[in-house]
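Working notes, structure below.
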Amino acid sequence: MKVVFDTNVFVGACMGIGPANQTIRACIEGHVTPVMGTALFREYEDVLGRSELFEGSLLDIFAARCLWSRIYFGWRPNLRDEGDNHLIELAVAAGCHMIVTRNQRDFVQMELQFPEIRILEPAELLEVIHK
């Protein structure tokens with residue numbers, strides 16, 4: 001199962017927040033295949049570089065488990081947070097059917113719809129994994 005993880009989920013895992021932490025652990029254990037693209041990786045690095053709290057090798061371990069994908073076409077779904085558009089584009093490019101975020105409200109009002117892509121909270125992904 002290929003999944004795109006919003007930066008806020010990875011940061012939540014670094015901070016030890018329950019479901020976010022468990023979803024990233026599921027990736028590291030091989031239950032889920034995280035998908036990564038250049039823009040998303042740079043966003044992870046940028047956010048994690050802002051605080052000494054995030055020092056460590058979790059990003060290296062996570063990145064080693066990722067399926068890397070290139071975005072060849074910009075779909076521009078015009079999300080509430082323009083900075084999240086690349087997550088939809090990455091999911092489309094990689095053939096993912098799930099994006100996991102701790103901020104679903106930014107994905108509710110897409111102008112360009114992708115009904116095959118589910119937007120899940122970390123706890124919802126855990127339910128899918130354990131079915």
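Keep in mind the model is a prediction, meaning the values are calculated, not measured.
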## Note on the structure
Interatomic distance, CG@D6 vs CG@L90, rounded to 0.5 Å, equals 11.0 Å

### Message
Taking the side chain as everything from C-beta on, heavy atoms only, tell me whether D106 gets closer than 4.5 Å to T101.
### Response
no

#### Entry: Side chain to side chain, P34 and V3, heavy atoms closer than 4.5 Å
no

#### Entry: Interatomic spacing from OG1 in T7 to CG in L48 - rounded to 0.5 Å
8.0 Å

### Task
Report the C-alpha distance between V32 and T23 in whole Å, list the side-chain angles of each, state the deciding distance to 0.1 Å, and finish with yes or no for side-chain contact (heavy atoms from CB on, under 4.5 Å).
CA-CA 8 Å; V32 176; T23 58; over 6 Å; no

### Message
Quick check for you: to the nearest 0.5 Å, what is the distance between F62 atom CZ and F41 atom CZ?
### Response
10.0 Å

#### Entry: Within-4.5 Å side-chain heavy-atom neighbours: C14 and L58
yes

### Query
Would you say F114 and I119 make side-chain contact, with heavy atoms under 4.5 Å?
no

### Query
Side chains of V100 and V4: closer than 4.5 Å at any heavy-atom pair?
no

Which donor-acceptor pairs under 3.5 Å do the side chains of residues 122-131 make with protein atoms, sequence neighbours left out?
unit_1	atom_1	unit_2	atom_2	d
E124	OE1	Q104	NE2	3.0
E124	OE1	E121	N	2.6

### Query
Quick check: does any side chain N or O of R102 sit under 3.5 Å from a backbone N or O of N8, one acting as donor and the other as acceptor?
yes

### Message
If you define the side chain from C-beta out and look only at heavy atoms, does anything of R25 sit under 4.5 Å from N21?
### Response
yes

### Message
Between H86 and A39 (side chain of the first, backbone of the second, donor and acceptor by atom type, cut-off under 3.5 Å), is there such a pair?
### Response
no

### Summary
So CG of L59 and OH of Y44: to nearest 0.5 Å the spacing works out to 8.5 Å

#### Entry: Single-linkage hydrophobic cluster M36~Y72, side-chain heavy atoms < 4.5 angstrom
no

### Task
Ignoring hydrogens and angles, tell me if any N or O in the side chain of R65 forms a donor-acceptor pair with the backbone of I28 under 3.5 Å.
yes

### Query
Among all residues two or more places apart in sequence or in another chain, which pass the side chain to side chain donor-acceptor pair (under 3.5 Å) test with E29?
H31

#### Entry: Heavy-atom side-chain contact between F5 and I99 under 4.5 Å
no

### Query
When rounded to the nearest 0.5 angstrom, what distance separates CD1 in I71 from OG1 in T38?
8.0 Å

#### Entry: Chi angles and distances behind the side-chain contact (heavy atoms from CB on, under 4.5 Å) call for M98, M1
CA-CA 9 Å; M98 293 180 220; M1 164 181 1; 3.4 Å; yes

## Note on the structure
Heavy atoms of A20 and G12 approach each other most closely as CB-C, 3.9 Å

### Query
How many angstroms lie between CD in E116 and SG in C96, if you round to the nearest 0.5 Å?
11.0 Å

### Query
Are any of the side-chain heavy atoms of N85 and I88 separated by less than 4.5 Å?
no

### Query
Do any N or O atoms from the side chain of K2 and from the backbone of A94 form a donor-acceptor pair under 3.5 angstrom?
yes

